Amino acid sequence: MTKTETGTLTVPGATLHYEVRGSGPVLLLIPGGAGDAGLYAGMAPGLAERYTVVSYDQRGMSRSPLDGPVGDQRVEVWADDARRLLDLVAPDEEADVLGCSSGAIVALTLLARHPGRLRRVVAHEPPLVELLAEPEPYRALFAEVRELLRQEGLEAAVARFSEGLGDGRKEPERATDPAPEIREMMPRMIANMPVFLEHVLCPFTASVPDLTVLRASSDRLVEPREFGALLTTILS
């Protein structure tokens, strides 16, 4: 079994919890939504056979407390957190990065701000609604969710969020038992949800990365389906 080393990193305004497994080229896993490092715990041991796998809890989430009261979060600050973590674990080498959902926004911002630190970036489904032809329905939905959280609480906000992003199916899919690693993370994820819905969802989805820089670094961006094929090979 791959050994997991844990540590903390002090950054401006917060203390980050991080986990390191394996050896080889560094692969930084950036969680999204209300998730934390546990989001990747199921795949990390397999990846650690080929990479030094680094995962962490974003500031204000789970085991990464803020130094003061929580306020609206800024993508560039979270990207700087990721850069500081890379400087700690891989000061002299480029790293691969995988980010999902809001974590993908962080990954793209990290690439735009520090392209020389990264070898490859997989940005899986970044919800950059301002790049859509019609962003307004999503702006309105996310603002409504945030206000529902403030006025009626978490249950009402989560219900509206899920309804707003649903695909219109009348019959819900049959629930499947989550992996043990996800079950372990769930209480932390539930505790993180108010922070995500009130202080991350709106500012992150309203952000726009530096497209000029990203175009110049497009050779470092990997299509998620290509990463999926690579991941299948590694874990098989």
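Quick caveat: nothing in here was measured; it's all calculated off a predicted structure.
Counting all heavy atoms, side chain and backbone alike, Ala14 lies closest to Asp67 at N-OD2, 3.5 Å. Considering all non-hydrogen atoms of both residues, Pro209 and Leu214 come closest at CB-CD1, 3.7 Å. Across all non-hydrogen atoms, the minimal contact from Ala79 to Leu110 is O-CD1, 3.5 Å. Of all non-hydrogen atoms in Val11 and Arg84, the two that sit nearest each other are CG1-CD, 3.8 Å. Looking at every heavy atom in both residues, Val213 comes nearest to Ala112 through CG1-O, 3.2 Å. Scanning both residues, Val129 and Pro135, for their nearest heavy atoms gives O-CB, 3.1 Å.
Here the straight-line distance linking atom CD1 of Ile105 with atom SG of Cys100 works out to 12.0 Å at 0.5 Å rounding.
Of the N and O atoms on the side chains of Gln58 and Tyr56, at least one donor lies less than 3.5 Å from an acceptor on the other residue. For the residue pair His17/Asp57, the side-chain donor-acceptor check at 3.5 Å is not satisfied. Side chains of Arg59 and Ser64: a donor-acceptor N/O pair is absent below 3.5 angstrom, by distance only.
Remark: Arg183 CZ is packed, more than 12 non-hydrogen atoms of other residues, nucleotides or ligands lying under 6.0 Å away. The neighbour count for Glu155 CD, taken as heavy atoms of other residues, nucleotides or ligands under 6.0 Å away, does not exceed 12.
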(Q) Assess the residue pair Leu154 and Leu197 against the criterion (side-chain contact (heavy atoms from CB on, under 4.5 Å)); give the C-alpha distance rounded to whole Å, side-chain angles, the decisive distance to 0.1 Å, and a yes or no. (A) CA-CA 9 Å; Leu154 182 60; Leu197 293 179; 4.0 Å; yes

Q | Pair Arg146-Glu144, salt bridge (Lys or Arg N to Asp or Glu O under 4.0 Å): steps then yes or no | A | CA-CA 5 Å; Arg146 181 172 59 183; Glu144 180 185 356; over 6 Å; no

**Q.** side-chain contact (heavy atoms from CB on, under 4.5 Å) between Ser102 and Phe196, worked out
**A.** CA-CA 10 Å; Ser102 57; Phe196 172 70; 4.1 Å; yes

Q: Quick one: do Arg63 and Glu19 satisfy salt bridge (Lys or Arg N to Asp or Glu O under 4.0 Å)? Show the steps, please.
A: CA-CA 11 Å; Arg63 299 154 292 187; Glu19 302 174 1; 3.6 Å; yes

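Here the side chains of Val20 and Thr4 are not in contact, with every heavy-atom distance at 4.5 Å or above. Looking only at side-chain heavy atoms (C-beta outward), Leu141 and Leu165 come within less than 4.5 Å of each other. With contacts defined as side-chain heavy-atom distances shorter than 4.5 Å, the pair Asp96/Leu118 does not qualify. Contact of the Met193 side chain with the Val158 side chain is registered, since non-hydrogen atoms from C-beta on lie closer than 4.5 Å. Counting only heavy atoms from C-beta outward, the side chains of Thr205 and Tyr138 never approach each other to under 4.5 Å.
Between Arg139 and Glu130 there is a salt bridge, with a side-chain nitrogen of the basic residue lying less than 4.0 Å from a carboxylate oxygen of the acidic one. Using a cutoff of 4.0 Å between basic side-chain nitrogens and carboxylate oxygens, Asp80 and Arg83 are scored as salt-bridged.
Results of the salt bridge (charged side-chain N to carboxylate O under 4.0 Å, His left out) test with Glu94 over Arg120, Arg220, Arg117 single out Arg220 as the only residue that passes. Put simply, the residue from Asp81, Thr6, Leu88 that forms a side chain to side chain contact (heavy atoms under 4.5 Å, CB included) with Tyr18 is Leu88.
A single hydrophobic cluster is seen to contain both Leu131 and Leu201, as judged by linkage of ILVMFWY side chains at heavy-atom distances under 4.5 Å, directly or through other members.
Ser207 contributes a side-chain N or O that, together with a main-chain N or O of Phe204, makes up a donor-acceptor pair within less than 3.5 Å.
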